[in-house]
Every structure is written in C-alpha cells, then in structure tokens.
Visitor: 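Let me give you the structure first, and then I'll get to my questions.
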Amino acid sequence: MSARADRGPGPGSARPAPWLAPAVLVLAAFYAVPVLDVARLSLSDATMVRPATGVSTAALRAILTDPALPQVLGTTLIFVAVNVVALQVLGLMIALALVRGERRGLRGMTAFRTLVLAAWVVPGIANGLIWQMLFDEAPYGTLNSLLGYVGAGPVAWLSDPRMALVSAVIANLWQGTAFSMIVFYAARRGIDPTLYEVAQIDAAGPWRIFRSITLPLLRRAIAVNTVLVSVQTLNTFDSILALTGGGPGRATEVLSLFTFNTVFYNLDLAGGSVLALLLFVLGMGMTLAVLAAGARGEG
Amino acid sequence: MKTTILAAALAPALVLPIAPSAAQELIARNRVGLPDAPNTLTFRLTSYDLYASDPATRTAFEDLFRDFIAARPDWKIETQLQTGNIGQEQARLLQQTQAGRGPDCAMIDSSQLALFKDTGVLQPMNMVFSEADVADLFPYVREAVTNEAGEVLAWWWFTDLRVLYRDTSVVPEAPQTWEALREAGLASAEAGREGLLFNGGRWEGTAFDWLAHFWAQDGQLVDEDGAPVFAQGENREKMLNALRFYRDLVDSGAAPRRVTAITDYDTFNAAAAAGTASMFIGGNWQYGQLRTTLPEDHFADWEVSQIPGPDAESRATGTGGWSIAALSSDPAKRQLCGEIAKEIYAGPGNAAQGLLPTSAAIYDQFDTYDGPEYDLFAEALENGVARPGAAIYPEISNQIQIMLGDVLAGTAEPEAALDAAGRAVQAAYDRQ
C-alpha cells in the first residue's frame, strides 16, 4: 500500500458541496430570504395595516426624496464615523494597557477587564436609560452635580441638539469599547513575544515598538474590528431610542431609528423596507471598502 | 380513637400547605386559572395592573382576577404582557391579529382605537354591555367604542387628562391664561425654582400635552375624512400661536431649556420631591403618586387646576386611557373578554388605581372618587379632547414632536417647522 493511499484522497478529489450544503441552507434561510423579502416589500405599497397589492416604486421615490433623509444621513455619518474611530482608539488603548499590566504582574487586571466587559453585556435600552439618568439636566442631575462641585457646568447634555449627539456617542462608546478591547487584546496576545524581546535588545523605545511591531501586526485585527464596529454602530438605535428618542427635533435620529419610526409611526412597511435596504447597502459598502483597503495594504 | 386523633392532628399539616399553593396557582406569570382548564382565552395586557410593580395594585388585581376565574372554572386566561413602547406594541398587535396570530382579547390604547376599528379586526361584545351601559359612557368615549350599527367594539375602561400642578407656596393663585402662566413661571424662576416643566422631548406625551393649547383655540388636526388639516388656514395660525407661546416660555426663562429632554411624567414627580419644581403639566394620575411620594406637609402645598388657555374661557385638555377589545370571532371568547372589561377593569379596577372611569355612574359607586381633586378632574373633563380617530394620528404626533424640539431648541422658526411638519404628514397620508 502506498503512502498516498494511507492518507486518503487528496484535495483535488475532495467534494466539498455536501459538507457546505447545511451551512449554506441555514445562511440562506436566516439571512438571504429575509433580505429578499425586504427587497420585495420595498417595491410594494405594503403598510402595517394593509398587505402589498402590487409592484410599485412609490415608496422608493418617497423615501429618497424625503426632505428629512439628508439630515438623518448626516447625523448617521457623524455618529458612525466618530464612534468607529473612538471605539478603535479606546479599545486599543485598554487592550495594550491590559497586556502591559499583565506582563508586569500588576494586580487587578482581571477585575479591570471584567469591569470593561460588564458594560458590553448591558442591553442597549438599559444603556440608554442609565445614561439618561446620568445626563439628567435637573438641578440634581448626576453629572451636572459632579461638575458643579468643581465649579464647572451645567452642561445641556440632552436638550442642546449638538450636545445631544455628543451624549449619544458617549453612551455608545461606554458600551461598545469592550468589544474592540476584546478583539485587540486577543490579537495583541497572539504576537510572538520574541519580536518584543529583540526590539528591547535593539534598545527600541515604546513608540518605535508600537509603530514598527504592534501596529503592523494588528493590521488584520484593525480591519476586522473596523468592519464589525461600523456595522454595529450603523445598526444602533435602541440606546438612542431610550436616551433621546432621536430628539431634540431630529438631532440624534440616525438611519436605523428613522427606519424604526417610519415603520412604527408612519406604519409604512414599504418605506421602512427601503430604508432597511439602504442600511444593508451602506453596511455592505463599508465592509467591502474596508476589506479592499486591507487587501491593498497587504499587497 | 387513636386513628381519629392522629388524623385530626395531621389534617392541618396535610391540608394547609396545599390550600395556599392551590390558591397561588390560579395566578401565574402568564396565566390566570387552572392550567388544565378546558377553555383558553389569550389576553394581552399592559404591565400596570395584574403584573404591576406596585404591590398594592398587583394584589388588588390578583384578587379581582382570582374571584373572576373562580366563578368560571372551565376557563383559563393565558396572559401576554405588552411593553411600555405603545406604538411598537400596538402596531405588532394589529399586524399579528391581521395575520391570524393575535390574542383573543387585548388592551388597546385609546389613541390607536380608531386604527383598529378601521381595519375591521375588532369583534362586537354587545352580549355583555347593555344599551344603558353604553348610554352612561362619556360622549367622546361612546363614539370611539361603537360603530354606526351600534355594536360595542371595545370598552374604554379608564380615561385620563392633563392638568396644571403647582406648588401654592410659590404660585398661590392658579394661572388661568397663557400670559398668567408665563408670569407665574418667571416669578418661580426668580424664586430659585425651575419655572414651568412640561414634556418637550421626542415622545408621544410631548405632542399630546402640547395639543391642549391648540385644541383650546378649537384647532382641528384632521378633517371629517381623517385627512390632515392642522397646517392649513385657521388651523395653521392656531398651531403657530401655540408654538410661539411655548417658545416664549423657554426663551423668557419661564420654563427651563431642559424641557426639550423631558420624555416622561416621572421627571415631574422627581422634581416635586426634590423641591426644585413649582409648576408642571402632568397627568391626573400623578396626584395620587405625589400624595404617596411627598411628605404630608409638602404635599399639602400642591394643587391642581385646568391647563391655562389663550384666555380664561378657552380651555382644553387631552384625554387618553386604555380600552379592552375582543379580537376573536368566537362568541364565548368575545363574551369573556367583555366580562373581563366590565367586571374587573371598569369599576373595581378603576377604583383600585384611582383611575378616572368613563361612566358617570362609577364615580358615585366608589368612595375613591370622593376627594376634591376629582371635582376638578370632572370639571376639566368637560373640556376634554380625545386624539382624532384617524390612522394618520401617530405620524402627526411624530411630526409635532420634531417641530416642538426644533422650535424650543432654537434650530427652526415656528413657521418653517410647521411647514416641514405639514409636508411630512401630507406625504405620509398620501401613501397610507
């Protein structure tokens, strides 16, 4: 008997289709079918009280010409962009601090990690309510009272349109940083420690080590994390719903919340489906752009 | 003899643990009645009564439900809780009902009742409610729960209204007009209080409470066909008057800027308890909450009065509340649903929570309604206005919330904000 026969059939003779079929079917049932159904509804006149009666582009035209859409998209762009950048920076800082603390044997690193992760498991609605209490602008509001002790404030956290968006970003950062931290922590732990030992022998400083070893080797993790937090942030609406409801006016109404309001206030299922598709396209576009940028960087 | 004594001694030990557990089994987290009862009614309810967080309210309703189901041993009620997100919950309820997956009986917010009526999902409950019962309802309630054929399609079991609360140690006299309210707000601010508090954030309460000022001028949100007319003709001027009045309250300091972030009535209770508030526009149910929250001497300073109007004779207040309706066509289930509304909620359920009944007779039936505040509530109800029975109302409310937020935050002028709201509502109406 030859050695090849002992190892079984080679890769060229493999038949992956039967093995992949269950996964493909599950993905199709739970992802592709709903997306296709949303696409069908977006080309209909369906409302929450009336089923679709035919094919129509009226919803598409109505949504794309809605005067509120540019403001909503602008708010969404700011909310997502600031969050994605800040989530990466904060997550990376905490992850590197954790690794450094563990390497030096500092006490409390596990408690610190748990504390950061605790925010991540809080549901979005609860997150919004927690921050609503903290941002309360009443004379007895938590944050304004603390600021008052040091002679600062009060701050119009939620009643000023610009500040309300900042407050929504803060609430999202508090909850979302833990996820970025986990991704970067795992990636940083995966870097060969020999590289750092060699760098130390070469008397490289911390900044040089970060720039020449840590950052390049975290590039893939940064790309993956960018995709994940971008999509997560784009879909965020529950914490904003609880924190500001999208107000004052439309100051904090992001695209996902606008979609929710279109369906549940307007009862406009077709219009909501158009917006859901827009969310899908934006999310997919961001993902492809990041992956393309990552591929260019590696090439 | 020994056997008898032993049996007598053991009997309580054997029976007593069983009796309470059997009683408890009648009320579970998702069921009322015995689990093996042959007939089942599914009932979707809010979390403010049988499953209320307040122990006294919960106990009162558990007793009512226990007596109700004990008289009907062949039935069990499978309960389904709604969350506090009224718009989403009611839309889901309607969608499920139309798809044949809805409950047999459900609580429907009074603001959504017209939508449910229009879609034809409500089933008559005339076998429970007599003509005299219907005749005793307040007119706007009677109109909302019946159709042209005289069928009782829902039972609006309590109503509520908005009033002006004031701390008489700061504001001794009840303001009767917008101008007097503004002056009182400024005087309060000068006294170190917050002035007038009201809902101004992005939620239904903001639109509903503010609409009292529009309705006080006889403004109309929709025409007879349910088409939006609030941004046209005389209604437009009335909208602008009310908008400018609110903007002036904030700009002048008679109301704090933080009102644009207030999205619940509990904020007012908290401010009253903290001693920072002097006036707020709140719901009638808050009177009882203040009574239990504030120290007795502090509570004695608080009084209620009608919401001021543009002049003392022009008053209005928004009236809301919840109804119970049958969604099943099964006559036995329709009857049981009606009986739940009549025997548990309308009457004893009203009295247990101090909620305002929709039938005049119930006010005389229970001692709960002997307090002087109920005289004021009854007087204010004469100026009560219900939300229009039109499917476009939720979007009108949404746009009013946006309009008020923009105007109070200073990001839009009243005219531009109203025009934007009018266009958005018209576009939504055209697509409905």
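Chain naming here is simple, since letters A, B, ... match the order of the sequence lines and numbering starts at 1 in each. Small disclaimer: the values here were computed from a predicted structure and weren't measured. Below, each value reflects all heavy atoms present in this structure, side chains not excepted, and no hydrogens, waters or symmetry copies.
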Visitor: Looking only at heavy atoms, which two atoms of A:Ala156 and A:Glu137 are closest? And how far apart?
Guide: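 Here A:Ala156 and A:Glu137 meet closest at C-OE2, 3.4 Å.
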Visitor: Below 4.5 Å from any heavy atom of chain A, which atoms of B:Ala427 appear? Answer side chain, backbone, both or neither.
Guide: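 The answer is neither part of B:Ala427.
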Visitor: Could you have a look at A:Ala270, A:Pro51, A:Ala59, A:Gly271 and say which one has the most heavy-atom pairs with chain B under 4.5 angstrom?
Guide: A:Ala59
Visitor: Side chain, backbone, both or neither: which part of B:Glu89 has a non-hydrogen atom closer than 4.5 Å to chain A?
Guide: neither
Visitor: Below 6.0 angstrom between ring centroids: does that apply to B:Phe245 and B:Trp210?
Guide: no
Visitor: Let's go through B:Thr46 and B:Trp322 carefully: what are the C-alpha distance in whole Å and the side-chain angles of both, what is the deciding distance for side-chain contact (heavy atoms from CB on, under 4.5 Å) to 0.1 Å, and is it a yes or a no?
Guide: CA-CA 9 Å; B:Thr46 59; B:Trp322 283 82; 3.6 Å; yes
Visitor: Given a strict heavy-atom distance threshold of 4.5 Å, which part of A:Thr244 is in contact with chain B: side chain, backbone, both, or neither?
Guide: backbone
Visitor: Let me know if A:Asp136 has heavy atoms under 4.5 Å from chain B in its side chain, its backbone, both or neither.
Guide: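 The side chain, not the backbone.
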Visitor: Taking the side chain as every heavy atom from C-beta outward, state whether B:Phe214 and B:Ile400 have any pair of such atoms under 4.5 Å apart.
Guide: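 Result no, sub-4.5 Å side-chain heavy-atom pair not found.
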Visitor: So for B:Ile392, is it side chain, backbone, both, or neither that comes closer than 4.5 Å to the heavy atoms of chain A?
Guide: neither
Visitor: With no hydrogens and no angle check, is any side-chain donor or acceptor of A:Ser167 less than 3.5 Å from a backbone partner on A:Trp157?
Guide: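 Flag set: sc A:Ser167 to bb A:Trp157 pair under 3.5 Å.
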Visitor: Got more than 12 heavy atoms from elsewhere within 6.0 Å of OH, B:Tyr265?
Guide: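 Counting neighbours around OH of B:Tyr265, more than 12 heavy atoms of other residues, nucleotides or ligands fall under 6.0 Å, so yes.
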Visitor: If I measure from the heavy atoms of chain B, does A:Leu269 come under 4.5 Å with its side chain, its backbone, both, or neither?
Guide: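 Contact with chain B involves the side chain of A:Leu269 alone.
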Visitor: Taking every non-hydrogen pair under 4.5 Å, which of B:Gln98, B:Gln95, B:Arg92 racks up the most with chain A?
Guide: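 Of the options given, most contacts go to B:Gln98.
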Visitor: Counting only heavy atoms not in A:Arg50 (residues, nucleotides, ligands), do more than 12 fall under 6.0 Å from its CZ?
Guide: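 Counting other residues, nucleotides and ligands, CZ of A:Arg50 exceeds 12 neighbours.
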Visitor: Under 4.5 Å, counting heavy-atom pairs only, tell me which of A:Gly246, A:Gly247, A:Pro248 racks up the most with chain B.
Guide: A:Pro248
Visitor: B:Glu194 versus chain A, heavy atoms under 4.5 Å apart: side chain, backbone, both or neither?
Guide: side chain
Visitor: What part of A:Phe260 is in contact with chain B, defined as an atom under 4.5 angstrom from a non-hydrogen atom: side chain, backbone, both or neither?
Guide: side chain
Visitor: If I measure from the heavy atoms of chain A, does B:Ala270 come under 4.5 Å with its side chain, its backbone, both, or neither?
Guide: both
Visitor: In terms of heavy-atom proximity below 4.5 Å to chain B, should A:Asn266 be classed as side chain, backbone, both, or neither?
Guide: both
Visitor: For the candidates B:Arg257, B:Gln90, B:Gln401, B:Arg431, which exhibits the highest count of non-hydrogen atom pairs separated by less than 4.5 Å from chain A?
Guide: B:Arg431
Visitor: Applying side-chain contact (heavy atoms from CB on, under 4.5 Å) to B:Tyr393 and B:Leu115, what does each step give before you reach the verdict?
Guide: CA-CA 9 Å; B:Tyr393 175 76; B:Leu115 182 61; over 6 Å; no
Visitor: Relative to the ring of B:Phe280, is the ring of B:Phe268 parallel (under 30°), tilted (30 to 60°) or perpendicular (over 60°)?
Guide: parallel
